[in-house]
Trainee: 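First the structure, which I've put down as structure tokens, then a few questions once you've had a look.
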Amino acid sequence: ENDIKAVNELIEKLMEDKRKVIKIERYNCNPHEFMEVFDGVETIIATRFHAMILSLVMNKITIPISYSKKMNNVVKDMPTSIGIINISDITEQEIKEIIENYQKPNMSEVINLSNAQFKELDNLIRKE
């Protein structure tokens, strides 16, 4: 879906000194290798839904660049607000502001809520 092309276009919009500190990592069908690299990363600019979820669960600074209502809704429903950028009107200043004001969300609260997701369904099944 032209992800690398889009990433390169975004990087080109950054100042030269900012470009030097960015390293692009791609998933190459080796989950262990990818997770090893991912674990060492401090900040994720997530352009994919699953990248956003993974980085949040792994307690990374997560800057979602949204292309869908699905991403927007997940961020909106989080108990701790994090910034989200719409892909159609992204600016370097907006990314900078989100990073500077970022507060890591309490993911344990989200995980606890997710554990109760099917509680009513479980109760219904048990009644049968």
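What you see below is based on every heavy atom in this structure, not just the backbone, and it leaves out hydrogens, waters and symmetry mates. One-based numbering along the sequence shown. Predicted model, so just to flag it, every value in this text is computed and none were measured.
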Trainee: Under a 4.5 Å cut-off applied to non-hydrogen side-chain atoms, are Leu54 and Met35 in contact?
Mentor: yes
Trainee: If you define the side chain from C-beta out and look only at heavy atoms, does anything of Ile85 sit under 4.5 Å from Pro64?
Mentor: no
Trainee: Look at the side chain of Lys60 and the backbone N and O of Asp39, then say whether any donor-acceptor pair between them is shorter than 3.5 Å.
Mentor: yes
Trainee: Quick one, Ile44 with Met58, criterion side chain to side chain contact (heavy atoms under 4.5 Å, CB included). Give me CA distance, side-chain angles, the key distance, then yes/no.
Mentor: CA-CA 11 Å; Ile44 304 292; Met58 291 184 69; over 6 Å; no
Trainee: Calculate, to the nearest 0.5 Å, the distance between atoms CD1 and NZ belonging to Ile11 and Lys20 respectively.
Mentor: 14.5 Å
Trainee: Please step through side-chain hydrogen bond (donor to acceptor under 3.5 Å, both in side chains) for the pair Ser66 and Asn72, ending with a clear verdict.
Mentor: CA-CA 7 Å; Ser66 177; Asn72 295 345; 2.6 Å; yes
Trainee: Pick one: which of Val7, Ile22, Ile65 meets side-chain contact (heavy atoms from CB on, under 4.5 Å) with Ile45?
Mentor: Ile65
Trainee: According to salt bridge (Lys or Arg N to Asp or Glu O under 4.0 Å), who are the partners of Glu16, at least two apart in sequence or on a separate chain?
Mentor: Arg19
Trainee: Measuring from atom OG1 of Thr47 to atom CD1 of Ile63, what distance do you get when rounded to the nearest 0.5 angstrom?
Mentor: 13.0 Å
Trainee: Not counting sequence neighbours, list each pair that qualifies as a ring pair (Phe, Tyr, Trp, His ring centres under 6.0 Å) and has a residue in residues 34-68.
Mentor: Tyr27-Phe34, Phe34-Phe38
Trainee: Find the distance between CG (Leu121) and CZ (Arg126) and round it off to the nearest 0.5 Å.
Mentor: 10.0 Å
Trainee: For Lys18, I'd like to know if atom NZ has over 12 heavy atoms of other residues, nucleotides or ligands within 6.0 Å.
Mentor: no
Trainee: Any non-hydrogen side-chain atom of Ile82 less than 4.5 Å from a side-chain atom of Leu56?
Mentor: yes
Trainee: Determine, using the 4.5 Å side-chain heavy-atom cutoff (strictly less than), whether Val37 and Met52 are members of one ILVMFWY cluster.
Mentor: no
Trainee: Are any non-hydrogen side-chain atoms of Asn30 and His32 less than 4.5 angstrom apart?
Mentor: yes
Trainee: Search all heavy atoms of Glu94 against all heavy atoms of Ile84 and return the closest pair with its distance.
Mentor: OE2-O, 4.3 Å
Trainee: Is there a side-chain contact between Arg48 and Met71 (heavy atoms, below 4.5 Å)?
Mentor: no
Trainee: Does some side-chain heavy atom of Lys104 sit less than 4.5 Å from a side-chain heavy atom of Tyr102?
Mentor: yes
Trainee: Test of understanding: clusters of I, L, V, M, F, W, Y form through side-chain heavy atoms closer than 4.5 Å, transitively. Do Ile4 and Leu14 belong to the same one?
Mentor: yes
Trainee: Tell me if the CD atom of Glu33 is crowded by more than 12 foreign heavy atoms within 6.0 Å.
Mentor: no
